[in-house]
Trainee: 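I am attaching a structure below and will ask some questions about it afterwards.
FYI, the numbering just counts along the sequence from 1. Scope of the values below: all heavy atoms of this structure, side chains included, with no hydrogens, waters or symmetry mates. Counting starts at 1 for both ligands and their atoms, in listed order.
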Amino acid sequence: MERLTVPDKKIDGGLRRAIIDVREVRKEAMTIYWELKKYKDTGLTPEQIMELKERDTAKKPVQTEDGMVCPICGSKAVPWSRFCDECGQRWWEEED
Ligand SMILES: [Zn+2]
């Protein structure tokens with residue numbers, strides 16, 4: 001789906017908001033409404049969604065003296081599991 005909003009630009013010391021053409025926004029009002037509804041129907045905040053996205057992004061378990069551990073919570077990583085039993089982090093999978 002095409003992005004309906006204009007991302008802010010990173011500048012020194014913060015973010016610069018993009019200038020929005022209100023007439024163009026009005027033309028797309030119902031498309032924006034239905035996309036917003038999908039998000040609101042999740043019942044989640046943007047922070048919760050970003051947390052879930054991060055947890056679902058595979059990360060490689062860390063090798064320690066005691067074996068492989070989860071890079072997020074430090075619990076022991078078992079080779080047959082694709083997710084951490086403690087925090088739910090998806091783990092990076094080795095290519096065969
Ligand atoms: Zn973990």
Trainee: Please confirm whether the backbone N or O of V78 pairs with a side-chain atom of S81, one donor and one acceptor, at under 3.5 Å?
Mentor: no
Trainee: Measuring from atom CZ of R55 to atom CE of M50, what distance do you get when rounded to the nearest 0.5 angstrom?
Mentor: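 The CZ atom of R55 sits 13.5 Å away from the CE atom of M50.
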Trainee: What's the separation between atom OG1 in T31 and atom CG in L4, rounded to the nearest 0.5 Å?
Mentor: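 Going from OG1 on T31 over to CG on L4, the span is 6.5 Å.
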Trainee: Do the side chains of K59 and E54 get close enough for a salt bridge, i.e. N-O under 4.0 angstrom?
Mentor: yes
Trainee: How about the Zn ion (ligand 1), which protein N, O or S atoms come within less than 2.8 Å?
Mentor: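 Protein N/O/S atoms under 2.8 Å of the Zn ion (ligand 1): C70 SG, C73 SG, C84 SG, C87 SG.
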Trainee: Would K76 and M68 satisfy side chain to side chain contact (heavy atoms under 4.5 Å, CB included), going step by step from the backbone distance to the final call?
Mentor: CA-CA 6 Å; K76 200 161 182 68; M68 301 294 269; over 6 Å; no
Trainee: Give a yes or no answer on whether the side chain of Y39 reaches the backbone of W34 with a donor-acceptor pair at less than 3.5 Å.
Mentor: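 Side chain of Y39 to backbone of W34, a donor-acceptor pair under 3.5 Å: no, none is there.
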